[in-house]
Amino acid sequence: MLKIRNGRDFVGGVTMICVGLLFIWFGRELQVGNSFQMGPGYFPTMLSLLLMLIGALIIVQSLMVETEESGPEAWNWKAYFLVILAPVGFGLLLAGLGLAPTMFLLIVGVATASRYANWRHSILLALFLAVCSVVLFTKLLSLPVSAFGPWIPFIGDLF
Amino acid sequence: MDIFANLWLGASTAFMPMNLFYGFIGCLLGTAIGVLPGLGPTATIAMLLPITFGLPPESALIMLAGIFYGAQYGGSTTAVLINLPGESSSVVTAIDGYQMARNGRAGAALATAALGSFFAGSVATILLAVAAPPLAAVALNFGPAEYFSLMVLGLVASVALASGSLLKAFAMIVFGLILGTVGTDVESGTPRYVFDIPELYDGLNFVAVSMGIFGICEILRNLESEHERSVGVKRVTGLMLTKEEFKRIIAPVLRGTALGSFLGVLPGGGAMLASFASYAVEKRVSPNRAEFGKGAIEGVAAPESANNAGAQTSFIPMLTLGIPGNPVMALMVGAMIIQGITPGPNVISDEPELFWGMIVSMWSGNLMLVILNLPLIGLWVRMLTVPYHLLFPAIIGFCCIGAYSINNSVFDVFVMAGFSVIGFALSKMRFEPAPLLLGFILGPMLEENLRRAMLISQGDPSIFVRSPLSLSLLIFAVVVLALVLSPSISRKREEAFTE
């Protein structure tokens, strides 16, 4: 009777097989060629097959080998959500708002992911980092991004 | 003597005021970040890479190298003072170092770490200067088949020496190799896995990928088990070693240096393995082994020398063969490519100023660390009191700007966000991210050499075993694999990593 003895590895193995399938699917139009004249699809396809093989071995191992179960893990969904969305928000707002307001919003927003955050500290830190990043990146390293973008017309004109 | 002329050339590059300055900044930043827990050297270098883009290649690499061994050094300071290793290679230093601090010998422990590191760094630098040119000369005769086999050996060995499940590490390497194929195929010009996104035609950017899977991912893990640190730091007094202590550290420092230099060259080796191994050796051979765990000065001297020696010699395969042995070196390779330098055996002859300048800067950087850090300990300790809830938003902000500045495009910021999700999901399934990055960096080189070799041999795979050099590299890879898979060794390996 087969029983999953190591759930985490079982999921890991299945994931690897799915990744292999995904790359084979998206690369289905690439020419594979043969070993003499390898097409652009040869290397990725072979690797995807190899990854699926390894995934299968991981699954087999997860059915055979018992592991001592480590305690339940802490999941902090609020933190994951904020920390992963922060760069996305940064990317979407940067062109419109400019560096300073984007940085400010990013810091204030992401700081709430911590259970020890308090608003006064976050806002002060955000102000400090917004000023620092403008000085360092737009002034000293002359990155092509303005401190205030077109969405903030009046202050933006001053800089 | 050639070597003196070369070192002279290096010195004239490394001691240029501008390069000294960037080396100094690198050491300072590296130490500062090494002191902060929850930010390893890989994430640090990935995060700070973008600010070196505007520098000339010599200064950029000197600064990055400075960050690397600065981080090494900073990690041991916190290990001794508050029993909190700033990064993985100083985990064992904390065992005896913290006990020494509790016995009122914090100053002696820090001085031992500094002296041991400096000695080991100097020896390893000389070793690098002596060993690199002949190795590069051998590598110049490598054809595509030899390169392919060498990379296979490198990848296999990096798995063997890493911790955790072998199968999973292999899965990560293969995944990394596949990710490396994203972008335009160099030989046919066919776009692969680009989904009509113009930014993807150049491939995924490795800085964005590594910031995602190392930098942001570490923050996610740290936030899971967040707790306020109460930092009770002992006052540091008495940096001088007594005569007897000095005598006690000589042999461990020598042993640590030798072991560290050797382990650093191996792929997948580097600083962490070196420090663990030398602590284990010291525990067996030291005449004072009864004191281990209770504040034995040997338990600080040996691993600190070993990790610094290992950190330094891990540059050897990177500089001579262009093959990174650990994620930090993978980032250095990436930095060189960005600077327009192709890493490999040609670097020594094509860019002698860069090559020798970097080697000499390692020595001068180590000297700076000794001179700088002992007086600055008060400052580092104060940095420890910065609470994490103020630190991590700053890291995220810096990563975002860093990712943006790679190509001045927000696309790389999205790539970073995407890879933080991938990295986090993988770490939840207990996959290590380090082999993924190695595979990702080596992927394009591996494919290119494979295809060239097969073209030369007209599709006959026996080309890899017909060349004696390639054959012996492959045999070596198989032996390494067999050794790791054999039951007795794999048990020892587990012990070594849990110890």
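Source: prediction; values computed, not measured. So you know, we letter chains A, B, ... as the sequences are listed, proteins then strands, and number each from 1.
The candidate from B:I456, B:L450, B:I216, B:D460 with the greatest count of non-hydrogen atom pairs under 4.5 Å with chain A is B:L450. Among B:V182, B:T190, B:V186, the residue with the largest count of heavy-atom pairs under 4.5 Å with chain A is B:T190. Interface remark: of the candidates A:L106, A:I58, A:L53, A:L50, A:I58 forms the most heavy-atom pairs closer than 4.5 Å to chain B. Of the residues considered (A:V110, A:L92, A:V108), A:V110 shows the highest number of contacts with chain B, using heavy-atom pairs under 4.5 Å. Options A:I54, A:N76, A:V11 differ in how many heavy-atom pairs under 4.5 Å they form with chain B, and the most are formed by A:I54.
For B:P191, the part lying near chain A is the backbone, with the side chain staying farther off; criterion is any non-hydrogen pair under 4.5 Å. At a 4.5 Å heavy-atom cutoff, the contact between A:L30 and chain B is made by side-chain atoms alone. Interface residue B:F392: only side-chain heavy atoms are found under 4.5 Å from chain A. Both the backbone and the side chain of A:F23 come within less than 4.5 Å of a heavy atom of chain B. Heavy atoms of B:F411 lying under 4.5 Å from chain A are absent altogether. Only the side chain of A:Q61 comes within less than 4.5 Å of a heavy atom in chain B; its backbone stays farther off. Residue contact with chain A, scored on non-hydrogen atoms closer than 4.5 Å, involves the side chain of B:Y404 exclusively. Contacts of B:M211 with chain A are absent, with no heavy-atom separation under 4.5 Å from either backbone or side chain. There is no contact between A:L85 and chain B, counting heavy-atom distances below 4.5 Å. Using a 4.5 Å cut-off between heavy atoms, A:L125 contacts chain B through its side chain alone, with no backbone atom that close.
The CG atom of A:L129 lies 11.5 Å from the CD1 atom of B:I396; values are rounded to the nearest 0.5 Å. With values rounded to the nearest 0.5 angstrom, A:T15 atom OG1 is found 8.0 Å from B:L426 atom CG. Note: A:F43 CZ to B:D185 CG = 11.0 Å, rounded to the nearest 0.5 Å. One distance of note links CG of B:L167 with OG of A:S62; it measures 11.0 Å at 0.5 Å rounding. Atom CD1 of B:I173 sits about 11.0 Å away from atom CG of A:L47, to the nearest 0.5 Å. Separation of atoms CG (A:L57) and CZ (B:F170) is listed at 11.0 Å; rounding is to 0.5 Å.
Using a 4.5 Å heavy-atom cutoff, the side chains of A:V83 and B:S420 are not in contact. Contact of the A:D9 side chain with the B:K168 side chain is registered, since non-hydrogen atoms from C-beta on lie closer than 4.5 Å. A 4.5 Å side-chain heavy-atom check between A:F90 and B:I401 finds at least one atom pair inside the cut-off. Looking at A:M16 and B:V174, their side chains never come closer than 4.5 Å, going by heavy atoms from C-beta outward.
A donor-acceptor contact shorter than 3.5 Å links the side chain of B:R192 to the backbone of A:P40.
Taking every heavy atom of both residues into account, A:A113 and B:L223 meet most closely at CB-CD1, 4.1 Å. Heavy atoms only, all atoms of each residue included: A:R8 and B:M429 are closest at CG-CA, 3.7 Å. Shortest non-hydrogen contact noted between A:V88 and B:A417 is CG2-CB, 3.9 Å. Contact record, B:Y193 with A:P44: OH-CB, 3.3 Å, taken as the closest heavy-atom pair. Scanning both residues, A:M103 and B:F398, for their nearest heavy atoms gives CE-N, 4.3 Å. The nearest pair of heavy atoms linking B:C400 to A:P87 is SG-CA, 3.7 Å.
Neither side chain, B:E447 nor A:Y42, offers a donor N or O lying under 3.5 Å from an acceptor on the other.
The 12-atom threshold is exceeded at CE of B:M18, counting heavy atoms of other residues, nucleotides or ligands nearer than 6.0 Å. Remark: A:R120 CZ is loosely packed, at most 12 non-hydrogen atoms of other residues, nucleotides or ligands lying under 6.0 Å away. Residue-environment remark: CG (A:N34) exceeds the threshold of 12 foreign heavy atoms within 6.0 Å. Around atom CZ of A:F128, no more than 12 heavy atoms belonging to other residues, nucleotides or ligands sit under 6.0 Å away.
A:Y116 and B:Y388 have their aromatic ring centers separated by at least 6.0 angstrom.
The aromatic rings of A:H121 and B:H389 sit parallel to each other, their planes meeting at less than 30°, with 60° as the upper class boundary.
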